[in-house]
Amino acid sequence: MKKRDLIVRYSAPERINHWIVAFCFMFAAVSGLGFFFPSFNWLLNLLGTPQLARILHPFIGVAMFLAFMLMFFRYWKHNLVNRDDLDWAKNIHKVAMNEEVGDTGRYNFGQKCVFWAAIISLLLLLASGIVIWRPYFAAAFPIPLIRLALLVHSLAAVGLIVVIMVHIYAALWVKGTLTAMVEGWVTPLWAKQHHPRWYRAVREQQSQPTKQEKRP
Ligand code: HEM
């Protein structure tokens, strides 16, 4: 396929932004599991030392939150749920059999759920993380609140890990999707098959004359 036929889905800054979030997530998830479950303590040695992992975990968590906020403001409009999404959700059994359902826009209902679940869990992780962050903030909060925050932090972390496992599975399962986030482009066939409404919008935009062409 000729390069000019490919459709750009993510610019380089968008991809760098996404992979910073993904890297921070991996670090925070691996270290978090290492702190929480004694059987996963060995994971902490993969990150240098357990002490280093303990110091870096909250800072990397904050970096993940801030980097995700850039993605949030970039994509929230594309992730608003509409009528077509209900069709998609009702026919999830067909989607599981690799059939396309509904007139999907830039993101399908499954991707939208991941998006909203990610922002909710990240907000919970940030708020609870500040309450339990020793030595900087925890001393300012009463013990019962710290206990509650620990519970919220653990549940939100497990929730986010499960959601991201689904996200990674979907990214690998739908052929051509990973290329979108690694190289930035998709083929017209991929776009037409998985995101027909987005494909039409892209084509419409491409057929609009540029400002220069409009000039007499
Ligand atoms: C660690 C491995 C990860 C892989 C392999 C991965 C892969 C991908 C791929 C291939 C896409 C493009 C999907 C498309 O355009 O149709 C994507 C989009 C996206 N990813 Fe990831 N991702 C990972 C981690 C994360 C993490 C940790 C988060 C957030 C906490 C995240 C949030 C997103 C968001 C918000 C989008 C845009 C989709 C939307 O807005 O609904 N990803 N990812």
Side-chain angles (χ1 to χ4, degrees), residues 6-33 43 46-47 57 60-82 84-85 88-89 95 98 100-129 153 155-202:
L6 301 172
I7 297 175
V8 175
R9 189 150 163 93
Y10 296 106
S11 64
E14 285 179 286
R15 282 177 275 144
I16 293 168
N17 188 170
H18 174 270
W19 292 118
I20 288 174
V21 173
F23 169 81
C24 293
F25 168 80
M26 287 299 177
F27 185 97
V30 166
S31 51
L33 290 171
L43 282 175
L46 299 177
L47 305 168
H57 176 93
I60 297 218
V62 171
M64 166 165 62
F65 179 82
L66 294 177
F68 188 82
M69 287 316 285
L70 292 178
M71 293 181 75
F72 179 81
F73 289 117
R74 242 179 210 142
Y75 304 128
W76 72 271
K77 271 194 190 149
H78 300 291
N79 283 287
L80 294 175
V81 176
N82 57 37
D84 283 314
D85 293 323
W88 193 95
V95 176
N98 249 345
E100 284 306 318
V101 176
D103 195 22
T104 307
R106 186 175 166 114
Y107 297 117
N108 64 38
F109 184 58
Q111 291 174 303
K112 291 179 182 181
C113 289
V114 166
F115 180 85
W116 293 109
I119 185 67
I120 291 170
S121 16
L122 284 171
L123 283 169
L124 290 173
L125 282 165
L126 180 76
S128 56
H153 203 73
L155 291 176
V158 171
L160 185 61
I161 290 171
V162 171
V163 164
I164 297 304
M165 281 166 78
V166 173
H167 177 65
I168 296 173
Y169 180 76
L172 299 175
W173 183 44
V174 182
K175 216 174 148 234
T177 305
L178 204 55
T179 318
M181 204 39 109
V182 175
E183 297 182 40
W185 52 262
V186 292
T187 62
L189 186 67
W190 182 96
K192 216 188 285 186
Q193 196 177 347
H194 303 297
H195 302 276
R197 191 153 46 82
W198 177 68
Y199 173 75
R200 290 198 305 276
V202 170

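In what follows, every heavy atom counts, from backbone to side chain, and hydrogens, waters and symmetry copies are set aside. Read the numbers this way: they start at 1 and go in the same order the structure lists the ligands and their atoms.
For ligand 1, the polar-atom distance check against H167 finds a nitrogen or oxygen pair separated by under 3.5 Å. The shortest N or O to N or O distance between R9 and ligand 1 is below 3.5 Å. Considering backbone and side-chain atoms together, Q111 places an N or O closer than 3.5 Å to an N or O of ligand 1. Polar contact check, H18 against ligand 1: a nitrogen or oxygen pair lies under 3.5 Å apart. Among the atoms of K112, none of the N or O lies under 3.5 angstrom from an N or O of ligand 1.
At the shortest separation from atom 34 (C) of ligand 1 among protein heavy atoms lies M71 CE, 3.5 Å. Here the heavy atom of the protein found nearest to atom 5 (C) of ligand 1 is W19 CH2, 3.7 Å. For atom 37 (C) of ligand 1, the closest non-hydrogen atom of the protein is Y107 OH, 3.8 Å. Nearest protein neighbour of atom 10 (C) of ligand 1, counting heavy atoms only, is T177 O, 3.4 Å. Among all non-hydrogen protein atoms, the one lying nearest atom 28 (C) of ligand 1 is I164 CD1, 3.6 Å. Here the protein heavy atom with the shortest distance to atom 15 (O) of ligand 1 is Y10 OH, 2.5 Å. Nearest protein heavy-atom contact of atom 9 (C) of ligand 1 is M181 CB, 3.7 Å.
Atom numbering of ligand 1 starts at 1 in the shown order; those under 4.0 Å from a heavy atom of F25 are 27 (C). Less than 4.0 angstrom separates some heavy atom of V21 from each of these atoms of ligand 1: 28 (C), 29 (C), 30 (C). Set against the non-hydrogen atoms of Y75, the atoms of ligand 1 under 4.0 Å away are 40 (O). Within ligand 1, the atoms closer than 4.0 Å to a non-hydrogen atom of A171 are 7 (C), 10 (C), numbered from 1 in the order shown. Atoms of ligand 1 found under 4.0 Å from any heavy atom of F68 (numbered from 1 in listed order, with element): 29 (C), 35 (C).
Here the side chain of R15 pairs a donor or acceptor atom with the backbone of V182 at under 3.5 angstrom. A donor-acceptor pair is defined here as one N or O able to donate and one able to accept, closer than 3.5 Å; such a pair exists between the side chain of H195 and the backbone of R106. The closest donor-acceptor contact from the side chain of W190 to the backbone of W185 lies at 3.5 Å or more, if one exists at all. Under a 3.5 Å cut-off, the side chain of N79 and the backbone N or O of W76 do not form any donor-acceptor pair.
Of the residues listed (L66, I60, V62), the one engaging C24 in a side-chain contact (heavy atoms from CB on, under 4.5 Å) is I60, and it is the only one. Put simply, the residue from L123, N17, V21 that forms a side-chain contact (heavy atoms from CB on, under 4.5 Å) with F68 is V21.
If you look at M26 next to ligand 1, the close heavy atoms, those under 4.0 Å, all belong to the side chain. Counting heavy atoms under 4.0 Å from ligand 1, residue I168 touches it through the side chain alone. At a 4.0 Å heavy-atom cut-off, ligand 1 does not touch Y169 at all.
Residue N79 places a heavy atom less than 4.0 Å from ligand 1. Heavy-atom distances between F23 and ligand 1 stay at or above 4.0 Å for every pair. Residue-ligand proximity: F72 is placed with every non-hydrogen atom at 4.0 Å or more from ligand 1.
Figure legend: cation-pi geometry between R9 and Y75 absent, as NZ or CZ is not positioned both under 6.0 Å from the six-membered ring centre and within 45° of its axis.
The two residues S11 and E14 have their closest heavy-atom pair at N-OE1, 2.8 Å.
Counting heavy atoms from C-beta outward, V114 and Y107 have side chains that stay 4.5 Å or more apart. Side chains of L122 and L160 form a contact here, defined as non-hydrogen atoms less than 4.5 Å apart. Inter-residue side-chain proximity for L43 and S31 is flagged as unmet; no heavy-atom pair is nearer than 4.5 Å. With a 4.5 Å cut-off on side-chain heavy atoms, N108 and V95 do not count as touching. Between T187 and K192 the shortest side-chain heavy-atom distance does not fall below 4.5 Å.
Ring-plane geometry between H167 and H18 is classed as tilted, the angle between the planes lying from 30 to 60 degrees on a 0 to 90 degree scale.
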